[in-house]
Amino acid sequence: MRQWGRKVKESNPLRNRKFIAIGLYILCFVLFFSVFFRFTWIMVKGEVNGENLEQNVENLYTRNNTLQAKRGSIYDINGNPIAVDATTYKMVAVLTDEWSTPNRPIHIKEPDKVAAVLSEHVSMSEEELYDRLTKENSQVEFGSAGNNLTFETKSAIEEALEEENLTGITFEEKKSRLYPNGTFASHTVGLAQQNNEEENEITGVLGIEKEFNDSLSGENGWRRYQRDRFGYVLPDMGVEEVLPVNGNDIHLTLDRRMQIFLESIIDEVNAEHKPANLTATLMHAKTGEIVATSQRPTFNATTKEGIEQSWQNLLVEFTYEPGSTLKVITLASAIQEGIFRPYDYFKSGQIQIAGETVRDVNPRGWGNITYLEGLARSSNVAFVKLVEEMGHDTWKEYLDDFGFGEPTGISLPNEMAGSNPYQWPIQRLNTSFGQGLTVTPIQMLRAFSAIANDGKVVDPHLVKSISNPDTGEVKNFEQKETQTLISEETADKTLEYLKETVYSDEGNARGYQIEGHEIVAKTGTAQFVNPETGTYHRGGTNYIYSVVGMAPADDPELIFYITMQQPELNGLGHASQVIQKIFNPVMKRALEYFSTDEEVNLNEEESETLENTVQSRTSDIISQFEEKNREYSVIGSGDTIVQQFPAADTEINDSYRILLLTNGAMTLPDLTGWSRSDVLRLADLTGIEVEFEGEGYVTDQSVLPESFIETGSTVSVKLTPPNDPLNE
């Protein structure tokens with residue numbers, strides 16, 4: 001009992017409450033000072049858990065917008081657009097209802113009706129569209145048909161869907177680069193594309209677009225302002241802004257008319273003879289301005305079709321042994337040294353040098369012939385003898401002076417320098433006829449310019465000027481001072497002797513004659529190394545064939561150089577006949593085009609600019625074209641034109657066939673009388689595959705006119721020469 005009483009006494013309620021109150025006071029003070037210290041720390045330091053609160057508030061109420069600079073345009077020498085900046089749209093269909101609400105559906109609810117509407121505005125059939133819209137996906141895209149849409153096409157689709165109260169189609173805006181001419185010196189002009197969709201930046205990745213990317217891109221600006229939680233700009237806070245500096249425009253030396261003509265001719269030859277690679281470049285002899293240049297393989301810069309075949313710009317990145325076209329340089333050097341005696345005789349066929357045998361194309365030779373006949377027949381023995389008499393060291397100096405082994409400095413990325421090891425006696429002598437050293441096409445053009453330009457070499461170039469569209473400031477690229485390599489007399493004699501290859505009975509370039517014009521030309525056939533064996537390819541057409549032509553012969557204004565590797569002959573006797581299919585029509589057109597004779601330029605005077613027909617009513621355009629007697633073909637039965645060839649603002653004449661692609665399902669026109677190039681343009685526009693039989697113009701087609709066609713379908717056409725009875 002005594003212990004119990006003590007416990008009661010010790011547990012005095014008043015005293016316990018006192019202790020509890022003191023404890024609570026202490027706890028409150030501790031919590032208060034903890035919170036106070038924390039707030040004080042936050043106010044002083046301005047951060048919590050490593051996060052800057054001031055910056056967070058800034059981010060919450062401040063908006064920083066990038067003001068995109070407009071990328072400069074690229075034009076041809078006459079101001080026609082080659083590459084331009086544009087805003088395009090990608091069409092996307094939302095198929096899932098996960099993102100929809102009962103009051104605001106954003107997914108496809110009626111795929112059949114949506115497909116019917118879309119088929120009127122894009123080049124896909126209603127059935128194909130319906131298949132896309134019923135896939136088991138959250139959303140789908142529409143490939144090339146739904147990509148790079150114009151604002152007009154996007155608006156037309158939106159209006160049509162709204163009228164039908166249809167949902168589920170959205171559009172993503174993107175900055176893009178448009179190339180209105182399609183396949184047009186594609187590796188040289190280059191490619192600019194969006195590498196980062198979030199930043200919406202266009203960057204040059206090939207050709208001129210890459211080489212001049214900084215100049216074309218300009219500098220982005222920015223805008224900074226404060227806004228409230230509803231997104232409205234706060235009054236009296238001001239808007240900070242730095243305007244963008246738009247990119248410069250680049251004007252090239254390319255001429256669109258000649259370039260388009262070159263591309264069309266090469267298309268036909270490439271389709272028939274399928275060479276492993278091909279280059280063709282036309283240059284002004286006196287200025288070094290490149291008028292037209294193309295290669296195969298290539299790609300369509302608009303659709304990107306073919307880009308995966310090769311990123312290599314053959315004009316500056318393709319190194320090869322040039323073969324007998326280099327004999328032009330050997331000849332000029334020998335004339336300059338005074339050792340080319342055209343009417344001296346030598347024994348042709350073969351010659352023993354440093355334990356090796358050098359042979360002519362005819363190993364038995366043609367007996368004792370003059371050096372002039374040796375030039376006409378392209379005798380290797382003749383040129384080996386010339387270099388022996390000239391001296392190895394002297395010949396090496398000429399090779400160096402003409403620029404072999406050094407880049408030309410043309411405004412294109414990744415230019416190769418080629419090589420000239422020049423170590424062993426046989427290797428040195430082989431260079432006399434274009435073996436044992438490697439070159440690029442652009443180096444050969446630079447060397448040939450000395451022959452055509454009174455002995456003075458000019459550097460090939462592509463850029464005429466760079467202009468600022470905002471200030472009007474223009475920077476012209478002046479022609480560099482020319483270096484005199486040979487005398488004017490030597491250049492004239494070289495041209496005179498080279499006529500033998502074209503106009504003498506023994507000349508091996510007789511097939512390159514141009515009616516109404518006198519030219520000089522030199523052909524070449526060079527071996528190249530098989531990478532699998534490490535030795536030269538032999539037999540068949542396993543060679544690199546080439547030709548250089550200069551015209552007019554007495555005072556050349558144009559140099560045209562073509563290389564072609566491993567073509568299929570398809571019944572022709574020699575690969576030179578394949579090259580003639582490119583050289584002859586292009587050189588003839590160029591000579592007529594650049595002639596000062598007014599009568600020759602009638603085609604130029606009669607040309608007119610093709611207007612933009614896209615989004616126009618088909619019936620209206622047909623009426624206009626019929627009034628103007630224009631040759632046109634309509635692809636599709638729709639009431640609105642959605643695509644055209646040639647592009648708007650292209651200068652055309654009576655020889656152009658205009659292709660008009662309408663909305664709705666595509667239909668195949670009557671191809672009777674079409675050329676191969678016309679059919680290839682149709683294939684490029686519609687995405688169909690074409691199989692050709694024969695040469696000439698279309699006389700038969702496997703699919704009846706006005707039949708429905710789809711991208712990827714195959715059409716066979718039969719071609720017949722113009723003088724064939726079937727074509728009469």
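In this text, all values refer to a predicted model and were calculated from it rather than measured experimentally.
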Separation between [atom1] of [X] and [atom2] of [Y], rounded to the nearest 0.5 Å:
X: Asn277; Y: Gln312; atom1: CG; atom2: CD; result: 8.0 Å
X: Leu206; Y: Ser186; atom1: CG; atom2: OG; result: 9.0 Å
X: Leu660; Y: Ile621; atom1: CG; atom2: CD1; result: 7.5 Å
X: Asn246; Y: Leu216; atom1: CG; atom2: CG; result: 12.0 Å
X: Asn476; Y: Lys464; atom1: CG; atom2: NZ; result: 7.5 Å
X: Glu557; Y: Thr287; atom1: CD; atom2: OG1; result: 9.0 Å

Within the supplied structure, the quantity of interest is the number of heavy atoms (other residues, nucleotides, ligands) at a distance under 6.0 Å from [X] [atom1]; does it exceed 12?
X: Glu317; atom1: CD; answer: yes
X: Gln309; atom1: CD; answer: yes
X: Lys304; atom1: NZ; answer: yes
X: Glu162; atom1: CD; answer: no

- Trace of the side-chain contact (heavy atoms from CB on, under 4.5 Å) decision for Val269 with Met564: CA-CA 11 Å; Val269 174; Met564 182 182 293; 4.1 Å; yes
Would you say that [X] contacts [Y] through its side chain, given a criterion of any heavy-atom pair below 4.5 Å between the two side chains?
X: Val439; Y: Tyr320; result: yes
X: Ile77; Y: Glu289; result: yes
X: Phe477; Y: Ile466; result: yes
X: Ile74; Y: Glu209; result: yes
X: Glu211; Y: Pro413; result: yes
X: Arg256; Y: Phe184; result: yes
X: Thr325; Y: Met444; result: yes
X: Phe171; Y: Thr153; result: no

- Query: Looking at Arg71, Lys70, Arg177, which one forms a salt bridge (Lys or Arg N to Asp or Glu O under 4.0 Å) with Asp85?
  - Reply: Arg177
Between [X] (side chain only) and [Y] (backbone N and O only), is there a donor and an acceptor less than 3.5 Å apart?
X: Ser217; Y: Asp214; result: no
X: Thr167; Y: His107; result: yes
X: Asp249; Y: Ser73; result: yes
X: Gln443; Y: Glu406; result: yes
X: Gln644; Y: Thr613; result: yes
X: Asn181; Y: Pro81; result: yes
X: Arg446; Y: Gly403; result: yes
X: Lys456; Y: Ser449; result: no
X: Gln295; Y: Leu314; result: yes
X: Asn468; Y: Thr471; result: yes

- Task: Quickly, which of Leu282, Val291, Leu254, Asn80 forms a side-chain contact (heavy atoms from CB on, under 4.5 Å) with Gln259? Name it, please.
- Result: Leu254
- Hey, mind stepping through Met283 and Tyr561 against side-chain contact (heavy atoms from CB on, under 4.5 Å) and telling me if it holds? CA-CA 9 Å; Met283 185 180 83; Tyr561 181 56; over 6 Å; no
- Item | Residues that His461 engages under side chain to side chain donor-acceptor pair (under 3.5 Å), provided they are two or more places apart | none
Looking only at non-hydrogen atoms, find the nearest pair between [X] and [Y] and report the distance.
X: Ala185; Y: Thr293; answer: CB-O, 3.4 Å
X: Thr563; Y: Phe318; answer: OG1-CE2, 4.3 Å
X: Leu95; Y: Arg132; answer: CD1-O, 3.9 Å
X: Leu262; Y: Ala280; answer: CD2-O, 3.8 Å
X: Pro322; Y: Ser546; answer: O-OG, 3.7 Å
X: Leu558; Y: Ala285; answer: N-CB, 4.1 Å

- Message: Among residues at least two apart in sequence or on other chains, which ones pass side-chain contact (heavy atoms from CB on, under 4.5 Å) with Ala450?
- Response: Phe402, Val457, Leu485
- Query: Charged N to carboxylate O below 4.0 Å: is that the case for Arg296 and Glu263?
  - Reply: yes
- ring-ring contact (aromatic ring centres under 6.0 Å, His included) partners of Phe142, counting only residues at least two apart: none
- Message: Between Thr408 and Glu415, do the side chains contain a donor N or O and an acceptor N or O under 3.5 Å apart?
- Response: yes
- Do Leu412 and Ile208 pass the side-chain contact (heavy atoms from CB on, under 4.5 Å) test, and can you show the C-alpha distance, the side-chain angles, and the key distance before you say yes or no? CA-CA 6 Å; Leu412 288 171; Ile208 292 290; 4.0 Å; yes
- Given Ile290 and Ile410, is the side-chain contact (heavy atoms from CB on, under 4.5 Å) satisfied, shown in steps? CA-CA 11 Å; Ile290 293 180; Ile410 192 171; 3.9 Å; yes
- Query: Angle class for the Phe299/His187 ring planes (parallel below 30°, perpendicular above 60°, tilted otherwise)?
  - Reply: perpendicular
- Task: Report the relative orientation of the aromatic rings in His284 and Phe594; use parallel for angles under 30°, tilted for 30 to 60°, perpendicular for over 60°.
- Result: perpendicular
- Would Phe583 and Phe560 count as a ring-ring contact (aromatic ring centres under 6.0 Å, His included) if you check the C-alpha gap in whole Å, the side-chain angles of each, and the deciding distance to 0.1 Å? CA-CA 8 Å; Phe583 181 92; Phe560 192 23; 5.5 Å; yes
- Message: Both conditions, 6.0 Å and 45 degrees, for the charged tip of Lys210 above the ring of Phe212: are they met here?
- Response: no
